[in-house]
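To find a chain, count down the sequence lines: A is the first, B the second, and so on, and within it residues start at 1.
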Protein chains: 2
Amino acid sequence: MNSNNVTIYDVAREAGVSMATVSRVVNGNPNVKPTTRKKVQDAIDRLGYRPNAVARGLASKKTTTVGVIVPDISNIFFADLARGIEDVATMYKYNIILGNSDSNRDKEIHLLNTLLGKQVDGIIFMGGRLHEDLVNEFKKSPVPIVLAATLNQGYDLPAVNIDYEQAAYDATEMLIGHGHKQVGFITGPLEQQINGEKKFSGYRRALDDAGLPFRESDVVLGNYTYASGLEAMQKMLERDDCPKAIFAGTDEMALGVIHAIQDAGFSVPNDFEVVGHDNTRLATMIRPKLTTVVQPMYDIGAVAMRLLTKILNAEEIEEKNVVLPHRIERRDSVRQD
Amino acid sequence: MNSNNVTIYDVAREAGVSMATVSRVVNGNPNVKPTTRKKVQDAIDRLGYRPNAVARGLASKKTTTVGVIVPDISNIFFADLARGIEDVATMYKYNIILGNSDSNRDKEIHLLNTLLGKQVDGIIFMGGRLHEDLVNEFKKSPVPIVLAATLNQGYDLPAVNIDYEQAAYDATEMLIGHGHKQVGFITGPLEQQINGEKKFSGYRRALDDAGLPFRESDVVLGNYTYASGLEAMQKMLERDDCPKAIFAGTDEMALGVIHAIQDAGFSVPNDFEVVGHDNTRLATMIRPKLTTVVQPMYDIGAVAMRLLTKILNAEEIEEKNVVLPHRIERRDSVRQD
DNA sequence: CACGCTATATAAAACGTTTCCAATTGGAAA
DNA sequence: TTTCCAATTGGAAACGTTTTATATAGCGTG
């Protein structure tokens with residue numbers, strides 16, 4: 001009845017074969033005579049046998065489980081990524097142990113060690129910044145680690161990203177193309193390389209290429225949230241030389257920006273143009289609908305997990321550092337050309 | 001160097017004790033002389049020993065891992081819940097294996113069996129509807145299962161929820177209190193008991209108590225998404241007898257409703273009043289800010305996990321069926337009294 | 001009809017812990 | 001000193017698989 005506690009041994013006895021044979025049929029090993037296979041299968045069904053994955057893991061040294069470290073699963077961005085990971089994990093018969101790090105170095109390291117202790121077959125890591133200590137732990141890892149939406153800061157780790165620099169360039173360039181001589185940039189903490197180096201330098205490069213001056217005051221730091229976007233824009237609006245075009249580092253901040261503008265009595269896109277980043281579901285949940293850089297979160301997760309399975313199966317890998325394409329989804333927060 | 005493949009046996013040899021003793025110090029068993037403990041600890045540090053959780057799980061029959069089944073982690077609602085679960089899980093030294101079911105019965109059952117095969121110590125389940133087949137599997141489960149934000153449809157399972165019926169009543173009553181003789185109700189699929197029975201009956205009860213007639217046409221079904229809320233409201237607006245007060249079953253649908261109203265040239269809250277449900281972050285990311293029923297998702301997750309730990313530790317449990325308080329967060333999508 | 005294969009099946013040794021029980025040790029009491 | 005009991009430690013058997021090496025059966029061949 002209780003499918004619990006019936007072991008491979010019980011099945012073997014029931015079927016009148018050895019446990020090795022049962023193991024073979026359970027694992028689909030072809031070296032079993034069809035009649036024997038059937039006999040065993042019947043016994044399995046009759047007893048309601050369910051293989052113990054823990055014992056299996058101990059004997060085979062494979063757990064068909066991978067660890068996933070995210071800063072915060074309640075963030076829509078990582079939730080989407082996680083879904084991509086889980087979907088292809090399921091496809092390849094893996095399960096996911098999920099942990100939140102809050103981008104905190106100690107939690108990251110602790111989580112990593114817990115995961116390794118649990119003998120995961122591999123790990124997918126997301127985080128704003130790769131602390132040196134963490135990378136040292138990575139290097140000691142007996143299992144492969146792949147980065148998702150996380151820059152490989154000069155370390156030789158497999159990673160899946162988009163070209164953030166170019167994406168920021170494209171967004172800024174589009175705004176400049178609409179005649180703006182000044183573009184505001186509201187982004188996340190600069191110590192996270194993705195903001196501080198990639199997006200920022202894409203922004204600057206677009207300015208430079210257009211022969212526009214860079215003004216320190218046109219870049220304002222937020223913390224990715226709606227509230228921080230709102231506040232950043234409010235501050236900007238107080239200035240006499242406030243830019244009329246804004247590139248926000250996340251959609252959520254972009255929504256804050258738009259509302260700040262509207263609250264001040266201006267119109268988007270007539271008075272101000274705004275472009276966001278990520279193309280989360282939020283982008284269409286605002287009026288005007290948000291023009292945004294699409295970063296395919298789900299795909300990044302899916303591709304990262306697929307890459308991990310390739311590594312685990314020792315398949316041929318053409319490129320360890322995959323860069324997915326990005327594009328700009330034009331909606332109503334910018335004027336039509 | 002490679003902290004891998006050093007076993008308890010290696011540590012025992014290095015420290016000149018038996019593996020039983022090493023096991024004791026690793027597990028914090030007090031029956032070890034301080035000097036011995038130190039000796040062992042040094043050996044552990046020197047060798048970089050990390051206990052193998054799989055072996056440990058096999059020997060002790062405890063994995064300190066719990067399974068979490070959600071319909072879709074990329075849904076902000078479940079993501080929040082999951083975060084609550086994970087946080088208290090971490091607090092109690094558990095890890096989380098996360099799986100998405102898409103509320104699909106077969107996936108739910110398959111996931112459940114996979115999780116049991118992995119010998120999780122317990123399971124937290126979220127889903128719209130408890131299929132009978134699933135419940136039968138639940139009954140056979142050798143480990144405890146607790147429901148989170150999921151109605152315990154007459155089955156005797158531990159569960160954590162809010163009082164959906166009363167919440168819907170409160171929301172509807174508030175709207176009626178503002179003078180409306182007609183209240184629209186835009187909700188999710190009625191076959192999910194939470195909508196079909198609880199919220200719906202709360203809505204009706206409020207109508208009844210106010211002596212207002214119930215009109216079939218005032219309730220429209222959506223699928224929880226922004227788009228479905230938008231569409232439902234658009235349809236409603238075409239009618240001559242369109243209600244001027246709307247209670248939406250989720251915040252996301254409520255946003256759609258507000259935009260549909262605004263797109264039609266009306267004002268919220270002057271022409272129409274809207275209240276949502278859940279109090280997700282979305283509620284403040286719209287103008288006017290959304291008045292909504294607060295369902296504490298994070299807390300539900302946290303409490304569910306805490307309840308599970310109590311069951312696992314065989315602690316005293318005052319109430320298996322916990323009902324968390326709800327309230328209405330008044331913002332700007334309804335008029336002030 | 002014995003021989004040598006191949007295809008199957010078995011036995012037993014890992015895998016790395018925990019845990020029960022027995023053995024040893026250390027001190028305090030006698 | 002002995003004696004005893006409590007504190008500490010050690011030995012070895014589980015835990016439920018996979019896997020390797022070995023055995024057995026069946027069968028076509030010469």
Side-chain angles (χ1 to χ4, degrees), chain A residues 2-41 43-44 47-65 114 116-121 142-143, chain B residues 2-41 43-44 47-65 114 116-121 142-143:
Chain A
N2 197 329
S3 54
N4 197 31
N5 73 13
V6 11
T7 75
I8 199 174
Y9 189 74
D10 299 322
V11 176
R13 180 150 26 82
E14 175 83 9
V17 300
S18 76
M19 53 193 283
T21 300
V22 177
S23 175
R24 280 191 209 93
V25 351
V26 167
N27 292 293
N29 183 314
N31 292 344
V32 181
K33 195 161 39 167
T35 64
T36 313
R37 181 182 302 281
K38 168 126 182 37
K39 210 167 47 176
V40 172
Q41 192 58 56
I44 287 176
L47 266 36
Y49 168 70
R50 174 195 298 134
N52 179 325
V54 171
R56 193 185 278 213
L58 183 59
S60 68
K61 297 177 161 293
K62 302 241 158 297
T63 54
T64 60
T65 302
T114 305
L116 293 177
K118 295 233 167 168
Q119 314 298 119
V120 295
D121 293 339
V143 301
Chain B
N2 196 332
S3 56
N4 196 32
N5 74 13
V6 11
T7 75
I8 200 174
Y9 189 73
D10 298 323
V11 175
R13 180 151 23 84
E14 176 83 9
V17 299
S18 75
M19 53 193 287
T21 301
V22 177
S23 175
R24 283 191 202 95
V25 350
V26 168
N27 292 293
N29 183 314
N31 292 345
V32 181
K33 195 162 41 165
T35 64
T36 314
R37 181 181 302 281
K38 169 126 181 36
K39 209 166 50 177
V40 172
Q41 192 58 56
I44 288 176
L47 265 35
Y49 168 69
R50 174 195 298 135
N52 179 325
V54 171
R56 196 186 276 214
L58 183 59
S60 68
K61 298 177 160 293
K62 301 242 158 298
T63 55
T64 61
T65 302
T114 305
L116 293 177
K118 295 233 166 167
Q119 314 298 118
V120 294
D121 294 338
V143 301

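Residues in residues 13-26 of chain B take part in these salt bridge (charged side-chain N to carboxylate O under 4.0 Å, His left out) pairs, two or more places apart or across chains: Asp10(B)-Arg13(B), Glu14(B)-Arg46(B).
Read 5' to 3', the first and last nucleotides of DNA chain C with an atom closer than 4.0 Å to a heavy atom of chain A are dT8(C) to dG16(C).
Inter-residue side-chain proximity for Val17(A) and Val22(A) is flagged as met; some heavy-atom pair is nearer than 4.5 Å. In this structure the side chain of Ile8(A) never reaches within 4.5 angstrom of the side chain of Val26(A), judged on heavy atoms. Using a 4.5 Å cut-off on side-chain heavy atoms (C-beta onward), Thr7(B) and Asn52(B) make no contact.
Here Ser23(A) pairs with Asn27(A) under the side-chain hydrogen bond (donor to acceptor under 3.5 Å, both in side chains) rule; sequence neighbours left out. For Lys33(A), the salt bridge (Lys or Arg N to Asp or Glu O under 4.0 Å) criterion is met by no residue, not counting sequence neighbours. Legend: residues meeting side-chain hydrogen bond (donor to acceptor under 3.5 Å, both in side chains) with Asn29(B), ordered by chain and number and at least two apart, are absent.
Here the shortest heavy-atom pairing between Ala15(B) and Val40(B) reads CB-CA, 4.0 Å. The minimum heavy-atom distance linking Val6(A) with Tyr49(A) is given by the pair O-CD1, 3.3 Å.
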Check: residues 58-65 of chain B side-chain donor-acceptor pairs under 3.5 Å, at least two apart:
| unit_1 | atom_1 | unit_2 | atom_2 | d |
| --- | --- | --- | --- | --- |
| Ser60(B) | OG | Arg56(B) | O | 2.7 |
| Ser60(B) | OG | Lys62(B) | N | 3.3 |
| Ser60(B) | OG | Lys62(B) | O | 3.3 |
| Thr63(B) | OG1 | Gln119(B) | O | 2.8 |
| Thr63(B) | OG1 | Asp121(B) | OD1 | 3.3 |
| Thr64(B) | OG1 | Lys118(A) | NZ | 3.1 |
| Thr65(B) | OG1 | Lys118(A) | NZ | 2.7 |
| Thr65(B) | OG1 | Thr63(B) | O | 2.9 |

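The stretch residues 55-64 of chain A touches DNA chain C through Leu58(A), Ala59(A), Lys61(A), each having a heavy atom under 4.0 angstrom from the strand. Within a heavy-atom distance below 4.0 Å of DNA chain D, the residues of residues 18-32 of chain B found are Ser18(B), Ala20(B), Thr21(B), Arg24(B), Asn31(B), Val32(B).
The nearest heavy atom of DNA chain D to Ile8(A) and to Lys33(A) marks one nucleotide each, and the one closer to the 5' end goes with Ile8(A).
Val17(A) comes within 4.0 angstrom of sugar-phosphate atoms only, judged by non-hydrogen atoms across all strands, and of no base.
One atom, CD of Gln119(A), and another, C1' of dT17(D), lie 15 Å apart when rounded to the nearest Å.
Within the helix from dC1(C)-dG30(D) to dA30(C)-dT1(D), the inter-axis angle between the opening and closing five-pair segments is 50°, rounded to 10°.
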